[in-house]
Amino acid sequence: MDILSQRIKRLPASATLTMAAKARELKNKGIDVIGLSLGEPDFNTPEFIKDAAIKAVNDNYNSYSPVDGYLELKESICRKFKRDNNLNYSTSQIVVSTGAKQSIANLCMVLLNPGDEVILPAPYWVSYSAIVNLAEAKSIILPSKIENNFKVTPNQIESAINSKTKLIMFNSPNNPSGTVYSEKEFREIAEVLKKYPDIYILSDEIYEHINFGLTHFSIATIPELYDRTVTVNGVAKAFAMTGWRIGYIGAPEWISKACNKIQGQITSGANCIAQRATITALDAPVEKIKYMIDEFNSRKILIIKLLRSISGFKVNDPDGAFYVFPDISYFFGKKIGDTAIKNSTDFSLFLLEEAHVATVTGEAFGNNNCIRISYAASESNIIEAIKRIKKVLNKI
Ligand code: GLU
């Protein structure tokens with residue numbers, strides 16, 4: 001519609017949510033689709049968290065909460081940051097939002113001016129570039145290679161920096177590649193960033209606990225960067241609470257105040273019952289959710305082994321999150337049955353239509369050679385999905 005704003009016209013739809021909707025549509029038509037598109041734990045929210053929510057309902061937590069979240073929740077977030085990340089934040093530096101996605105949107109809206117540049121190491125989560133676009137800033141994409149486990153180098157970052165650079169977004173463990181940057185790698189990157197005091201850092205740590213090898217490192221612990229880093233986290237992934245919609249930031253106070261202001265005009269405080277349940281989730285020892293992490297790890301081992309048995313797939317071994325990001329560029333320029341494959345979007349759609357397996361095109365994440373496969377699915381679904389993919393690729 002021509003009447004719609006320029007803003008919405010230039011905004012791409014979220015590829016992850018679009019693919020999930022497509023898969024749902026096919027399922028509703030009775031087609032047995034295996035959904036490996038959405039990054040969403042297939043576990044139920046743990047009982048002790050559900051009990052806290054039920055108690056909150058019975059305790060009549062039904063009124064608006066403060067815009068930036070209940071004080072008790074912000075205190076619990078401060079304890080979490082100290083305990084897990086060695087980060088000291090006071091409650092005035094915390095803003096609770098309706099999911100980490102809103103936390104990121106708040107930050108971009110309050111920090112970016114039209115024409116500012118934002119460095120996105122690719123592959124990056126779909127919504128980063130879309131939110132940057134909404135803020136009328138420009139995404140500067142840094143490519144990476146599967147051979148290098150999809151990591152960008154400090155030199156690459158430095159060569160992308162200019163006087164317009166305002167923000168850089170890190171996401172470790174990474175969606176869509178599962179890549180985890182080590183402390184050493186972050187410290188090397190920090191050496192570059194220390195030279196540019198006008199650049200702000202967003203560290204999206206939503207997959208922090210889904211880490212199978214390296215120790216998680218928060219870049220805000222580097223003293224020279226603390227005052228210009230915003231640490232984003234939430235409960236969706238680690239606690240199987242995607243639909244509860246609770247994300248939060250720890251930030252310099254002037255940024256948290258600005259985020260509070262914008263949130264106050266757009267959504268107000270996050271859902272009050274979910275906030276109360278989040279206090280219980282964050283105060284619980286991390287051991288309580290270890291069964292889910294262990295399960296993700298065994299599924300990762302399984303899916304890597306199976307994907308490596310498909311000829312034409314290049315697969316690395318990621319350290320975290322619950323995604324693999326195989327390079328499928330071998331199939332470009334080939335015809336599979338009647339379908340000509342030109343890029344990752346063609347390939348992902350082909351898998352949906354012919355194998356009834358939903359994945360997400362790498363194009364949406366800034367890498368057109370790959371597709372994202374979420375293994376937040378049962379082992380039997382993973383096995384069946386790979387069997388189907390192999391079968392349709394045999395038509396080549
Ligand atoms: N973050 C998840 C994903 O990447 C959920 C969907 C979304 O918000 O993008 O699949």
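Counting from 1, the numbers follow the sequence of the chain as shown. Predicted model, so just to flag it, every value in this text is computed and none were measured. Indexing begins at 1, ligand by ligand and atom by atom, following the structure's order.
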Quiz item: Among all residues two or more places apart in sequence or in another chain, which pass the side chain to side chain donor-acceptor pair (under 3.5 Å) test with E136?
Solution: none
Quiz item: Got a sec, which residues hit salt bridge (Lys or Arg N to Asp or Glu O under 4.0 Å) with E208, two or more places apart in sequence or on another chain?
Solution: K80
Quiz item: Is the Lys NZ or Arg CZ of K288 less than 6.0 Å from the centre of F48's six-membered ring, within 45° of the axis?
Solution: yes
Quiz item: Taking the six-membered ring for Trp, are F170 and F186 parallel (under 30°), tilted (30 to 60°) or perpendicular (over 60°)?
Solution: perpendicular
Quiz item: Who passes side chain to side chain donor-acceptor pair (under 3.5 Å) against S65, sequence neighbours left out?
Solution: Q275
Exercise. Might you confirm whether atom NZ of K184 has over 12 heavy atoms from other residues, nucleotides or ligands at distances under 6.0 Å?
Key: no
Below 3.5 Å only, please: the N or O atoms of ligand 1 paired with protein N or O atoms, distance on each line.
| from | atom 1 | to | atom 2 | distance (Å) |
| --- | --- | --- | --- | --- |
| ligand 1 | 1 (N) | K237 | NZ | 3.2 |
| ligand 1 | 4 (O) | W125 | NE1 | 3.2 |
| ligand 1 | 4 (O) | N175 | ND2 | 2.9 |
| ligand 1 | 4 (O) | R372 | NH1 | 2.9 |
| ligand 1 | 8 (O) | K101 | NZ | 2.9 |
| ligand 1 | 9 (O) | T16 | OG1 | 2.7 |
| ligand 1 | 9 (O) | W125 | NE1 | 3.1 |
| ligand 1 | 10 (O) | G39 | N | 2.8 |
| ligand 1 | 10 (O) | R372 | NH2 | 2.8 |

